[in-house]
Each structure stands twice: as structure tokens, then as C-alpha cells.
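Starting from 1, each residue takes its place in the sequence as its number. If you're wondering where the values come from, they're calculated on a predicted model, not measured in any experiment.
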Amino acid sequence: MTTFIDFHALHTLAPNNINRGEDGAPKTAFFGGVQRQRISSQALKAAQRKGFANYLDRSRLGVRTKRVVELVARRMCELDGSLDEATALNRAEKAFTKAGLKISTPKVKKDEDPKAPMAGYLIFLGHHQVDRLAEVLVERGEAGLATKKEAQELFDTEHAVDVALFGRMVADDAALNVDAAVQVAHALGVHAAVPDFDYYTAIDDLNRQDEQTGAGMIGTVEMMSSTVYRYATLNVDQLVANLGSVEAAAQAAEAFAATFIETLPSGKQNTFAAHSLPELVAVAVRDRRPVSYVTAFEKPVEVDEGHDRRAEAAAALAREASGVQETYGMVPREEWVMAVPALRAQVEGLGEVRSQPELLAAVRDVVTASAAGTPEDRR
């Protein structure tokens, strides 16, 4: 059976606009008949990718860009000082074309300098893969890569941790796709909420010195305040397959768990500084299928004045988890929960109480144990 690790969190955010739409307003969604704050999964994953640098060496991470030819050519020139830029770009372009990727040279205006060849869409490659390809191309010289198979092996082995976790889609050749080991839900407010407006002014300092009245500028910014439910699930077997190493998968899972807890999108943080941490994180290890507890909040969590909405949300989450076990018989193999002291009475039944370091160690251990065992061992 496949091993899944489900991550659940309740996270209270003071007025914020950490994830906004094209109109500048905080993103929202309707659920349970009411409007709520929403944080997109793309924004959450981008924040985690940035946070991986705190836990993993750069060589184990990836880069996502259309400018892959330029990236490899630049590395080739660093490795061989005698290699000119035009030659390096030409050889790198041939390597990507050999692998089955469509590369083209962007058109420029009359007075603009020529641009390096580019892919037609973002390509997600590990830094180690970039270095390895550059080394091979420098070593081979004009001969380059011999076959498409050889080229694709360079792009499709020894993946970066973020590529292994979040996957890669290559439109030109599905053989280069990487199935994501992680699925991340959009974070969703557990209660009804609508955007509010902050009207602000900025004073011209010189006008103030001259005792002139009026603002130098005025404006408005939208904001919301919510307790949100966050969910993600990690397919341990897929992660091991993508990385080709149990130890690498264990380290990747630990980094994913840490950044799930610690990171947030950075939108408008200079304005709002909404740098809170989740007050509750629950982790469940399963071997049948992932299970989200979002339906705990289909009925919005509303409380009277003076009552703690966080406590009510934590209790609703615990009831949902218990209901899943009772109704479907889906009892997690292991469960852990970390919660601030004010919520610990509400989270009984969500698993053994752990600190963050203990929780991260437990995630790492379960990946190692699950990946090392046979399917029969895990039943």
C-alpha cells in the first residue's frame, strides 16, 4: 500500500493581504454558502520553495525559468574560461533541442540587443542537473550529446527536492514529466469574511515644514483577517521514486513539513507584517488514501463576543477527524499534533502532542520506515 502523510493546520492571520488577485484585493472563495478568505496553493508552494533554502543546500534545489539555455551556457563559461558566450549558447540550445524541447530565439525591436534562445514556457530543473549538463557539454565540445535518450537522462534523473515534491510538466515531451509527490489545497477561512479597506495618506515632508496643509498622496488598500484551514498531503512512495533514495526522501519530507509550518506568502507584508505561526498542526499517516478535514468548516465557525474562535475551530477539526474514523474506519497508522497551550484541550484525539522538532523527526522517521518496508510490512 502507498503511504500518505496528511498535514492539517489552523492559522490565524491579523489584517493582511498576503495573496491578492489581479484587482489587488485578497483572494476569496465561497464555501458553505459564505465568502471566505482564500490563499492559493500556488502562493503557498512558492513560499515553501523559498523556505527550502533554510533547510537544504542550494545544489539540492531547483530553478524554474524559460531561460534554461542561458542558464546552462553561463555555467559552461564558468567551467571553461576559454569558451565564448555565443558558442556556449549554441551548444546548450542543441542539447535542449536534442532532449525534445522546443527552443526559439525571441524577436527584438530594431535597436535592441539580440536575446538568448529561450523555451516557450517555464522549465523546472535542478541546479545539480544544470551543473551536470554544463559539465558534459564542456567535456564533449563540438560533438555535444549523442542521442535523445542521453539528453533526457541528464534532465530526468537525480531530481531536485522541489521538483520531486511539486512535480514538473513538459508540454513538448511527456517523458520528461515528473509526477508531484505533494498535493496542496488552497487555504480557506473557517468563517465568513469580507475584505475591508484601509484608507491612508502620505504627507510631503517639505510641505509640512512650510506649514502647507493637505496630503502628498492618498490611497486605499484592501485587507482581510481570518483563521484559515490549510491542508497538504505527501505521497511517500512517489517521493522516494522521484528522488531515488530513501534518505533523500526523508530529508525532503522533513523540509516540507518544516516549511509547511513556517512559511507564508509575502504579499503586502511590508504593510501588514502578518507574520503569525499556525496555532495547530496535525499530521496523520495513512495507507489507503489522503483525507482532508475541510468539511469540518463547511458550516462557518461563528462565536459570540468574548469566545475564542480558534478554540471552536480546533474542536471542529477534532470532531471531523473522529467522525472520519468512526464512519469510514479510516484510522491513521500514526497521528501527531502540535498546538499552542490554549488549544490543547480541544485537540485531544488528533494524536500524540509533539513539539515542532519532535514532529519533524517523526515525519522523517516514518518516511524511512515506510520506504524501507515491503507492502506486506505496511499493511
Joint hydrophobic cluster, Leu280 plus Val285, side-chain heavy atoms closer than 4.5 Å: no
Derivation of the side-chain contact (heavy atoms from CB on, under 4.5 Å) call for Asp156 and Val178: CA-CA 8 Å; Asp156 204 32; Val178 178; 4.1 Å; yes
Hydrogens and angles aside, do Thr97 and Glu93 bring a side-chain donor and acceptor to less than 3.5 Å of each other? no
Would you check if Glu358 and Glu352 make a side-chain contact, meaning some heavy-atom pair closer than 4.5 Å? no
Which pair of heavy atoms, one from Pro332 and one from Met330, lies closest together, and at what distance? CD-O, 3.5 Å
Closer than 3.5 angstrom, by distance alone: can the side chain of His11 be matched with the main-chain N or O of Ser276 as a donor-acceptor pair? yes
Glu335/Arg354 ion pair, N-O < 4.0 Å: no
Results of side-chain contact (heavy atoms from CB on, under 4.5 Å) for Ala181 - residues two or more places apart only: Leu234, Gln238, Leu239, Asn242
Any side-chain to backbone donor/acceptor pair from Gln346 onto Ala318? Under 3.5 Å, distance only. no
Going hydrophobic residue to hydrophobic residue with side-chain gaps under 4.5 angstrom, can you get from Val337 over to Leu360? no
Sorted by chain and residue number, the ring pair (Phe, Tyr, Trp, His ring centres under 6.0 Å) partners of Phe31 (sequence neighbours excluded) come out as none
Which heavy-atom pair separates Leu343 from Ala314 by the least distance, and what is that distance? CD1-CB, 4.4 Å
Listed partners of Gln37 passing side-chain hydrogen bond (donor to acceptor under 3.5 Å, both in side chains), at least two apart: Asn16, Ser226
No-hydrogen, no-angle side-chain donor-acceptor test under 3.5 Å, Arg333 and Ser370: yes
Can you give me the closest heavy-atom contact between Val184 and Ser41, atom names plus distance? O-CB, 3.2 Å
On the 0 to 90° scale, with breaks at 30° and 60°, tag the Phe166-Phe52 ring pair as parallel, tilted or perpendicular. parallel
For a 4.5 angstrom cut-off between non-hydrogen side-chain atoms, does Leu317 reach Phe297? yes
Heavy atoms, side chains only, cut-off 4.5 Å: are Pro265 and Leu44 in contact? yes
Would Val236 and Val366 count as a side-chain contact (heavy atoms from CB on, under 4.5 Å) if you check the C-alpha gap in whole Å, the side-chain angles of each, and the deciding distance to 0.1 Å? CA-CA 9 Å; Val236 172; Val366 81; 5.6 Å; no
What is the distance from atom CE of Met224 to atom CD1 of Ile18, rounded to the nearest 0.5 Å? 11.5 Å
Shortest non-hydrogen contact between Ala316 and Ala296, atoms and distance: O-CB, 3.6 Å
Is there a donor-acceptor contact under 3.5 Å from the side chain of Asp162 to the main chain of Arg49? no
Within 6.0 Å of CZ in Arg58, more than 12 heavy atoms from elsewhere: no
Output the rest of the hydrophobic cluster of Val108: all Ile, Leu, Val, Met, Phe, Trp and Tyr residues reachable through side-chain heavy-atom contacts under 4.5 Å, sorted by chain and number. none
Evaluate the criterion side-chain contact (heavy atoms from CB on, under 4.5 Å) for residue pair Arg364 and Gln251; output intermediate values, then yes/no. CA-CA 7 Å; Arg364 178 173 179 145; Gln251 294 172 2; 3.7 Å; yes
Report yes or no: do Val347 and Val228 belong to one cluster of Ile/Leu/Val/Met/Phe/Trp/Tyr joined by side chain heavy-atom distances under 4.5 Å? no
Heavy atoms, side chains only, cut-off 4.5 Å: are Asp6 and His8 in contact? yes
Does a sphere of radius 6.0 Å around CD in Gln325 hold more than 12 heavy atoms from other residues, nucleotides or ligands, not counting ones at 6.0 Å or beyond? yes
Please enumerate all residues that pass side-chain hydrogen bond (donor to acceptor under 3.5 Å, both in side chains) together with Lys148, with sequence neighbours excluded. Asp173
Residues 191-205, side-chain donor-acceptor partners within the protein, below 3.5 Å, at least two apart:
unit_1 : atom_1 : unit_2 : atom_2 : d
His191 : NE2    : Thr227 : N      : 3.1
Asp204 : OD1    : Leu206 : N      : 3.0
Asp204 : OD1    : Asn207 : N      : 3.2

Is there a donor-acceptor pair under 3.5 Å between the side chain of Tyr229 and the backbone N or O of Ala313? no
State, with a plain yes or no, whether a side-chain heavy atom of Arg75 is found less than 4.5 Å away from one of Glu78. yes
What I'd like to find out is whether the side chain of Leu133 reaches to under 4.5 Å of the side chain of Leu145, using heavy atoms alone. yes
Using the test ring pair (Phe, Tyr, Trp, His ring centres under 6.0 Å), find all partners of Phe256 that sit at least two apart in sequence or belong to another chain. Phe7
Gln269 side chain to Ser266 backbone, donor-acceptor under 3.5 Å: no
Please indicate whether Asp23 has more than 12 foreign heavy atoms, meaning atoms of other residues, nucleotides or ligands, lying under 6.0 Å from its CG. yes
To the nearest 0.5 Å, tell me how far Ile39 CD1 sits from Lys27 NZ. 10.5 Å
Return the CZ to CG distance between Phe4 and Asp237, rounded to the nearest 0.5 Å. 7.5 Å
In terms of relative ring orientation, are Phe155 and Phe96 parallel, tilted or perpendicular, with 30° and 60° separating the classes? parallel
Any salt bridge (Lys or Arg N to Asp or Glu O under 4.0 Å) involving residues 132-144? Give me the pairs, sequence neighbours left out, ordered by first then second residue. Arg132-Glu158, Arg140-Glu150
Check side-chain contact (heavy atoms from CB on, under 4.5 Å) between Gln42 and all other residues, then give those that pass, not counting sequence neighbours. Ser40, His186
Do Val291 and Val190 sit in one hydrophobic cluster, given that two such residues count as connected whenever their side-chain heavy atoms are within less than 4.5 Å of each other, even indirectly? yes
With distance as the sole test, does Arg230 use its side chain to make a donor-acceptor pair with the main-chain N or O of Phe260 at under 3.5 Å? yes
Go through it in stages, so that I can follow the logic: the residues are Leu125 and Arg168, the test is side-chain contact (heavy atoms from CB on, under 4.5 Å), and I'd like the CA-CA distance, side-chain angles, deciding distance and then a yes or no. CA-CA 9 Å; Leu125 290 175; Arg168 178 179 70 198; 3.6 Å; yes
Applying a strict under-4.5 Å side-chain criterion to I, L, V, M, F, W and Y, I'd like to know whether Val163 and Val240 cluster together. no
Residues 294-316 vs salt bridge (Lys or Arg N to Asp or Glu O under 4.0 Å), sequence neighbours excluded, gives Glu302-Arg309, Asp308-Arg310
Kindly list each side-chain donor-acceptor pair under 3.5 angstrom involving residues 62-70, sequence neighbours excluded, with atom names and distances?
unit_1 : atom_1 : unit_2 : atom_2 : d
Thr65  : OG1    : Arg67  : N      : 2.9
Arg67  : NE     : Glu70  : OE1    : 2.9
Arg67  : NH2    : Glu70  : OE1    : 3.2
Arg67  : NH2    : Glu70  : OE2    : 2.7
Glu70  : OE2    : Arg74  : NH2    : 3.1

On a heavy-atom basis, which atom in Met223 and which in Pro15 lie closest, and how many Å separate them? SD-CB, 3.9 Å
If we ignore hydrogens and angles and just use 3.5 Å, is the side chain of Thr87 paired with the main-chain N or O of Leu83 as donor and acceptor? no
N/O donor to acceptor pairs below 3.5 angstrom from side-chain atoms of residues 115-123, sequence neighbours left out:
unit_1 : atom_1 : unit_2 : atom_2 : d
Tyr121 : OH     : Ala171 : N      : 3.3
Tyr121 : OH     : Asp172 : N      : 3.2
Tyr121 : OH     : Asp172 : OD2    : 2.9

Indicate the atoms forming the closest heavy-atom contact of Arg36 with Gly189, along with that distance. NH1-O, 2.9 Å
